Structures are given as structure tokens and as C-alpha cells.
J.: 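What follows is a single structure, and I will ask about it in a moment.
All figures in this text were calculated on a predicted structure; none of them were measured in a lab. By convention in this document, chain letters (A, B, ...) are assigned in the order of the sequence lines, proteins followed by strands, and residues within each chain are numbered from 1. Because only heavy atoms are used, hydrogens play no part in the values below, and waters and symmetry mates are left out as well, while side chains stay in.
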Amino acid sequence: MDTTREIIILDFETTGLQPGSDRTIEVAATLLVDRRPVETFSQLMHPGRPLPGFITALTGITDHMLRGKPRPEQVMHELRRFMGARPIVAHNASFDRRFLLAELARAGLVADNEFLCTMRLARRLLPGLPSYRLSALVQSLDLQLPGASHFHRAVADVNHTVALWLRLHEAIEQHTGLTSPSVKVLTRLMRTSVGQTARYLATLALAS
DNA sequence: TGCCAGGCCCTCTTTAGGGCCTT
């Protein structure tokens, strides 16, 4: 699927950093059609163990909030249907990709969706910023959203990632004239070294 | 028992090391 006309913006909250031993506790996924949010899937999940104190402090999610919630492997079936084969966008996408594949595998599912990373794209399209963590980008690019100020909750982080995704499209259009870059172009851009980005964007501008 | 990721990115680099980013 080489078009970004329909795309999924994804974010997981988890019990830690290791997909092999940690579990997902919250997911949010927003379907964008022609860059407009159409539908959001979100769900808290019970990881089957008490939350580390650090995670409760980071996310605000408590054991009490997860009581009675479905296990991740139950939620993955619904998430898989919601995402379909659409490309997936996430901030530091390798993290969410590894957790998605691990939880899908526990549910007996697989996925081969393309992944696009707003952090890697931002480093190339918006160079010179002091930090590329999501909260810092939201602040430095003035992307704050009403009612979505709590970072490290899945829906809020997805909403901020949507805003960043749209801002990155503005930058691509400014540099190249492309209004709807393909997955292939965005993947190539992500894999271009930071130092070679200007050259690649110039190539795209000439071709468009 | 003790320890615990993975991958990108920069630079005082490439026979490497450390910081960043995700939770």
C-alpha cells in the first residue's frame, strides 16, 4: 500500500521498554483519511501484573484503572481489524512496531504494515531543533492541543503525533511541492542520512 | 545471582563510544 491517503497514527503505553518481557497497557490508533481524523480506537489493557511505580508516575495509569480491562492479546484482534493493511505512523516508530508485533504474536496474529517514524522525519525536515522528543516538538512547533496536554497517555500522544504529522507534510510541501508524498518517498526520506536530506528534497522538487 | 533494549545519530568516527528517544 504505497499511498498515505489512509493512514493509522499509533501509540502504546507499556510497562517498560522490552517487548519480550514488558506488556502494553494502553493503545490509541487514529485513522486519518486525506489527513483528516476519521475514527480513533483506544483501549486500556490489563498486563497481568502490577504496574511498576515508575510507569504509574509517568503515565498516571494505575492498577485500579486497569482492573477488569481486557488482556492485550484480546485487544489485538480488534486493533488488527481497525488498522487493516494501512501504513502506520508513530513517534520513534521502532518502539511501537516492536511492541505491536510482540503483542500480535502472543495473540497468534501477524502484520506487515509499513511503518513511518515522525521522529526520523522531523530530524530531517525540521533540523536544528533542541530536542526531538514528542513533548519538545509539540512545544517548539506550537502544536499544543486543547484537552490533550497530558503526555504519556495514548490518546493525547496520538493527537499530538497527528498534529506533528500534518506539520511534517507542510514542510515537505514547502521543500518539494509534493502535497501527497507516497510511502515510498517518505521511507526513502527516513533512510536518507540527515546530511543528505537537502539533496534528496531538491531531487524531489525537480521531479514534482 | 545479577543484569536487563534496539536503533539511530553525532563526532574528538569508521579497529568506537556515548547521547537520544520510546515506556
Side-chain angles (χ1 to χ4, degrees), chain A residues 8-30 42-63 65-66 69 71-73 75-76 79 88-106 111 113-141 143 148-165 167-168 186-201:
Chain A
I8 298 290
I9 311 284
L10 178 70
D11 185 70
F12 281 117
E13 306 304 318
T14 73
T15 61
L17 298 174
Q18 301 178 55
S21 54
D22 287 307
R23 301 301 302 269
T24 55
I25 57 174
E26 188 179 36
V27 61
T30 290
S42 69
Q43 181 67 55
L44 287 167
M45 298 170 280
H46 198 293
R49 70 191 70 161
L51 292 176
F54 172 73
I55 294 300
T56 292
L58 180 72
T59 64
I61 298 171
T62 65
D63 289 320
M65 291 166 64
L66 300 184
K69 300 301 181 190
R71 297 294 302 270
E73 54 267 37
V75 174
M76 288 305 119
L79 177 64
I88 296 170
V89 174
H91 197 68
N92 198 8
S94 65
F95 175 87
D96 295 280
R97 179 176 182 276
R98 286 185 294 117
F99 269 96
L100 174 66
L101 296 182
E103 293 291 22
L104 287 174
R106 290 184 180 106
N113 305 58
E114 299 269 7
F115 268 79
L116 297 169
C117 177
T118 49
M119 188 179 73
R120 297 185 66 175
L121 291 169
R123 286 186 190 279
R124 287 156 178 78
L125 290 164
L126 308 168
L129 298 178
S131 167
Y132 289 87
R133 69 174 53 194
L134 183 60
S135 59
L137 287 169
V138 165
Q139 183 169 20
S140 57
L141 300 173
L143 301 176
S149 59
H150 193 303
F151 290 100
H152 298 297
R153 285 300 302 269
V155 171
D157 281 1
V158 157
N159 287 337
H160 285 123
T161 305
V162 168
L164 176 58
W165 174 249
R167 178 67 185 81
L168 291 170
L186 292 168
T187 300
R188 172 79 183 275
L189 178 55
M190 272 171 34
R191 293 175 181 168
T192 298
S193 70
V194 173
Q196 291 294 315
T197 297
R199 182 191 298 266
Y200 179 55
L201 291 173

J.: So, is A:Arg124 near the phosphate of B:dC9, with a side-chain N or O under 4.0 Å from OP1 or OP2?
T.: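 Result: yes.
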
J.: Find every protein N or O atom lying less than 3.5 Å from an N or O atom of nucleotides 18-21 of chain B, and list the pairs.
T.:
from, atom 1, to, atom 2, distance (Å)
B:dC21, OP1, A:Tyr132, N, 2.6
B:dC21, OP2, A:Ser131, OG, 3.2
B:dC21, O2, A:Asn92, ND2, 2.8

J.: Name the atoms and distances for all side-chain donor-acceptor pairs under 3.5 Å in residues 47-56 of chain A, with sequence neighbours left out.
T.:
from, atom 1, to, atom 2, distance (Å)
A:Arg49, NH1, A:Ser21, O, 2.6
A:Arg49, NH2, A:Ser21, O, 3.3
A:Thr56, OG1, A:Ile61, O, 2.9

J.: Please compare A:Gln18 and A:Leu58 by the position of their nearest nucleotide in DNA chain B and report the one closer to 5'.
T.: A:Gln18

J.: Touch check for A:Phe12, heavy atoms < 4.0 angstrom, all strands: base, sugar-phosphate only, or nothing?
T.: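 Sugar-phosphate contact only - A:Phe12 comes under 4.0 Å of backbone atoms but never of a base.
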
J.: Roughly how many Å apart are B:dT14 and B:dT1, using the C1' atom of each and rounding to a whole number?
T.: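 Rounded to whole Å, the distance is 38 Å.
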
J.: For A:Val155 versus A:Ser42, what's the shortest heavy-atom pair and its separation?
T.: CG2-CB, 3.6 Å

J.: When rounded to the nearest 0.5 angstrom, what distance separates CG in A:Asn92 from OH in A:Tyr132?
T.: 14.5 Å

J.: Closer to the 5' end of DNA chain B via nearest nucleotide, is it A:Glu13 or A:Thr192?
T.: A:Thr192

J.: Could you tell me whether the side chain of A:Leu201 reaches within less than 4.5 Å of the side chain of A:Thr192, counting heavy atoms only?
T.: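 No, too far: nothing below the 4.5 Å cut-off.
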
J.: Reckon A:Arg120 touches a base, only the sugar-phosphate, or nothing at all at heavy-atom distances under 4.0 Å?
T.: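 A:Arg120: backbone/sugar contact only, no base atoms under 4.0 Å.
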
J.: Using the C1' atoms only, state how far B:dT13 lies from B:dC9, rounded to an integer number of Å.
T.: 12 Å

J.: Say we look at B:dG2 and B:dT15: how far apart would their P atoms be, to the nearest angstrom?
T.: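 Their P atoms lie roughly 38 Å apart.
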
J.: Using atom C1' of each nucleotide, how far apart are B:dA5 and B:dC12 to the nearest Å?
T.: 28 Å

J.: Does atom CZ of A:Arg167 have more than 12 heavy-atom neighbours, drawn from other residues, nucleotides or ligands, at distances under 6.0 Å?
T.: yes

J.: Check A:Arg153 with A:Glu13, please: is the shortest side-chain N to carboxylate O separation under 4.0 Å?
T.: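 Looking at A:Glu13 and A:Arg153, the cut-off is not met.
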
